[in-house]
Amino acid sequence: MMGALLVRVQAERFALPLSGEQAIAELGPVSPLPHGEPLLRGLTTLQGRAVPLLDLSALLGTPEAEREEPRLMVLTSVEGDRVALLVNEVYGVTSLPSPPPSTALLIEMPGGPLLNVVTLAREVRAFLAS
């Protein structure tokens, strides 16, 4: 079993695997980076350190016109790197069985989809390389 944080990004609800380091905070100031939008919103400060702020709506395919402005960010670890993810709501913590191997961004699990952080890291690297 693994721990997961239940969140909502736009209309999509999913579980985010709990890493050794997790924090939830109100969205604060964001310093934009050149060519970062739409996935990399910029840098923000969380727990006194600058971290990249990712907007998962770009990866989830949410049309720009239908996007609700996020209010929260979740600090997590993606393949050892600290990042903040924009979320609209946080529902709580749950336990899930270990996921099957997958390359999908969202892995279907009993109780709802789980964010695949390995695929997320690959998508972010591909975005930054383009």
Heavy-atom side-chain proximity of Leu114 to Leu96 below 4.5 angstrom: yes
Sub-4.5 Å side-chain heavy-atom contact between Met73 and Leu53: yes
ILVMFWY network linking Val87 to Val93, side-chain heavy atoms under 4.5 angstrom: yes
Close side-chain approach of Val78 and Leu54, heavy atoms under 4.5 Å: no
Hphob cluster co-occupancy, Leu40 + Val74, side-chain heavy atoms under 4.5 angstrom: yes
For the student: nearest non-hydrogen atoms of Pro113 and Glu12, plus distance: CG-OE2, 4.0 Å
Rounded distance [0.5 Å steps], CG in Leu46 versus CD in Glu26: 11.5 Å
Connected via hydrophobic side-chain network under 4.5 Å: Leu120 and Ile24: yes
Non-hydrogen side-chain atoms of Gln10 and Glu66 separated by less than 4.5 Å: no
Side chain to side chain, Leu5 and Phe14, heavy atoms closer than 4.5 Å: no
Rounded distance (nearest 0.5 Å) linking atom CG of Leu18 with atom OG of Ser77: 12.0 Å
Whether Asn116 side chain and Ala104 backbone form a donor-acceptor pair below 3.5 Å: yes
N/O donor-acceptor pair under 3.5 Å between Thr44 side chain and Val30 backbone: no
Val90 side chain reached by Leu6 side chain, heavy atoms, under 4.5 Å: no
Same apolar cluster: Val124 and Leu60, side chain cutoff 4.5 Å: yes
Side-chain heavy-atom pair Leu86, Leu56 within 4.5 angstrom cut-off: no
Verdict with supporting geometry, Leu16 and Gln22, side-chain contact (heavy atoms from CB on, under 4.5 Å): CA-CA 10 Å; Leu16 175 65; Gln22 214 89 35; 4.0 Å; yes
Pairs involving residues 47-57, ordered by first then second residue, that meet salt bridge (charged side-chain N to carboxylate O under 4.0 Å, His left out) (sequence neighbours left out): Arg41-Asp55
CG-CG distance between Leu85 and Leu115, expressed to the nearest 0.5 angstrom: 7.0 Å
Under 3.5 Å donor-acceptor, Thr119 side chain and Thr103 backbone: yes
Sequence neighbours excluded, every pair satisfying salt bridge (charged side-chain N to carboxylate O under 4.0 Å, His left out) that has a member inside residues 75-92: Arg8-Glu89, Glu21-Arg82, Glu79-Arg125
In one Ile/Leu/Val/Met/Phe/Trp/Tyr side-chain cluster, 4.5 Å: Val83, Leu27: no
Heavy-atom pair of closest approach, residues Met2 and Pro99: SD-CD, 3.6 Å
Within-4.5 Å side-chain heavy-atom neighbours: Ile107 and Met109: yes
Pairwise distance CG(Leu59) to CG(Leu105) - rounded to 0.5 angstrom: 5.5 Å
